[in-house]
Amino acid sequence: MAKKHWLMKSEPDVYSLDHLLKDKTTWWEGVRNYQARNFMMKEMSVGDEVLFYHSNAEPPGVAGLAQITRAAEPDALQFQKSSEYFDPKAKKDQPVWYCVQVGGAKKFKNFISLEDLRRHKDLQDMLVLKRGQRLSIQPVTKKDFDLIKKLGGL
DNA sequence: GCCAACGTTGGC
DNA sequence: GCCAACGTTGGC
C-alpha cells in the first residue's frame, strides 16, 4: 500500500518532538475523538510519514517529522481508572479507543510556524489552516508534506 | 485568559 | 431524531 502522510498535533508542554527524539518511539495514547481514532485504526500503516505539529505553543507549528512504527492497538489508558483518559464504556474484549506507535523523529532545521504555513501560497488547502479545525490527526497530501519537509530543511 | 468553532451528551 | 447545553480545542 502506498505511503500516506499525516499531521499529528501535540502540545509541547505535554509531549514535544524532543520528547519523542529521546524516547525513540511512543504510543499515541489519549486520542478521544472518533474521527482521529478512525484515521489511526483504518487508514494508518507502518511507514506512513508524519508532520509533528506543536499546538497550544508559542509559536504553534511543525517542529519536525516522524513515522508510524506500529499499527493501531487498543489504548491502554481507556482501562485505567486513575487515568484522565479512562472510559467506562470500554471493555478489554471490546475496546473503544486505539492508538498507533510513532517513532523515527527528525527535528527540522527550521521550525515551520503556523504563520509560515498560512503565508505560503502553495499550502492554502491544508486542513490545519481551516478555521475551527480542531482535529488532532489530519491527512496531508504528499505534495504539501514534501514541500514542508523541504522548508524545514530536511 | 478569552472565545469561536466544533463535538458530545442527554432530555424530550 | 432534534437541539440546547455543555465541554474541549487551540489560536490569539
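Atoms considered below: every heavy atom in the structure, side chains included; atoms not considered: hydrogens, waters and symmetry mates. Note on naming: letters A, B, ... go to the chains in the order of the sequence lines (proteins, then strands), and numbering restarts at 1 for each one.
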A.B. asks: Go through B/dG7, B/dT9, C/dC12 for me and flag the one nearest to the A/Arg134 side chain.
C.D. replies: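 Looking only at side-chain atoms, A/Arg134 lies closest to B/dG7.
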A.B. asks: In whole Å, I'd like the distance from the CG atom of A/Asn33 to the C1' atom of B/dT8.
C.D. replies: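 Roughly 10 Å, once rounded to whole Å.
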A.B. asks: Provide, to the nearest angstrom, the distance between the CZ atom belonging to A/Arg118 and the C1' atom belonging to C/dG10.
C.D. replies: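 Atom-to-atom, A/Arg118 to C/dG10, this comes out as 11 Å.
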A.B. asks: Would you indicate, yes or no, if C/dT9 has its OP1 or OP2 atom less than 4.0 angstrom from a side-chain nitrogen or oxygen of A/Lys9?
C.D. replies: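 For A/Lys9, the contact criterion (side-chain N or O under 4.0 Å from OP1 or OP2 of C/dT9) is not met.
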A.B. asks: Taking atom P of C/dG11 as reference, at what distance in whole Å does atom CG of A/Asp13 sit?
C.D. replies: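 Rounding to the nearest Å, CG of A/Asp13 and P of C/dG11 are 13 Å apart.
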A.B. asks: Of the options B/dG7, C/dG10, B/dT9, whose atoms approach the side-chain atoms of A/Lys89 most closely?
C.D. replies: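 So the nucleotide nearest the side chain must be B/dT9.
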A.B. asks: Establish, from distance only, whether the side-chain atoms of A/Asp116 and A/Ser113 form a donor-acceptor pair under 3.5 Å.
C.D. replies: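 Short answer, yes.
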A.B. asks: Would you indicate, yes or no, if C/dG11 has its OP1 or OP2 atom less than 4.0 angstrom from a side-chain nitrogen or oxygen of A/Tyr53?
C.D. replies: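 Yes, A/Tyr53 has a side-chain N/O under 4.0 Å of OP1/OP2 on C/dG11.
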A.B. asks: If you take the centroid of each ring, where Trp contributes its six-membered ring, are A/Trp97 and A/Phe79 closer together than 6.0 Å?
C.D. replies: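 Distance test on ring centres: not under 6.0 Å, no.
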A.B. asks: Given atom CG of A/Asn56 and atom P of B/dG1, what is their separation to the nearest angstrom?
C.D. replies: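 Those two atoms, CG and P, are 13 Å apart.
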A.B. asks: Using the rule that Ile, Leu, Val, Met, Phe, Trp and Tyr join whenever any side-chain heavy atoms are under 4.5 Å apart, tell me whether A/Tyr15 and A/Val100 fall into a single cluster.
C.D. replies: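 Yes, one cluster joins them.
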A.B. asks: Using a cut-off of 4.0 Å on non-hydrogen atoms, how would the nucleic acid contact of A/Arg32 be classed: base, sugar-phosphate, or nothing?
C.D. replies: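 If one applies the 4.0 Å heavy-atom cut-off, A/Arg32 turns out to touch nothing in the nucleic acid.
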A.B. asks: Is any side-chain nitrogen or oxygen of A/Arg131 closer than 4.0 Å to OP1 or OP2 of B/dA5?
C.D. replies: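 For A/Arg131, the contact criterion (side-chain N or O under 4.0 Å from OP1 or OP2 of B/dA5) is met.
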A.B. asks: Could you state the atom-to-atom distance from CD of A/Glu11 to C1' of C/dT8 in whole Å?
C.D. replies: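 Roughly 11 Å, once rounded to whole Å.
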A.B. asks: Give the rounded distance in Å between these two atoms: CD of A/Gln138 and P of B/dG7.
C.D. replies: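 In whole Å, B/dG7 P and A/Gln138 CD are 12 Å from each other.
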A.B. asks: For A/Gln101 and A/Thr69, which I'm curious about, is there any donor-acceptor pair between the side chains at under 3.5 Å?
C.D. replies: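 The criterion, which ignores hydrogens and geometry beyond distance, is satisfied for A/Thr69 and A/Gln101.
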A.B. asks: Can you check the A/Trp97 CH2 to B/dG7 C1' distance for me, whole Å?
C.D. replies: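 After rounding, the gap between these two atoms is 11 Å.
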A.B. asks: Between P on C/dG11 and CE on A/Met126, what's the gap in Å once rounded to a whole number?
C.D. replies: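 Taking atom P of C/dG11 as the reference, CE of A/Met126 is at 13 Å.
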A.B. asks: Report the residue from A/Trp6, A/Phe108, A/Phe145, A/Trp28 that forms a ring pair (Phe, Tyr, Trp, His ring centres under 6.0 Å) with A/Phe52.
C.D. replies: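 The passing option is A/Trp28.
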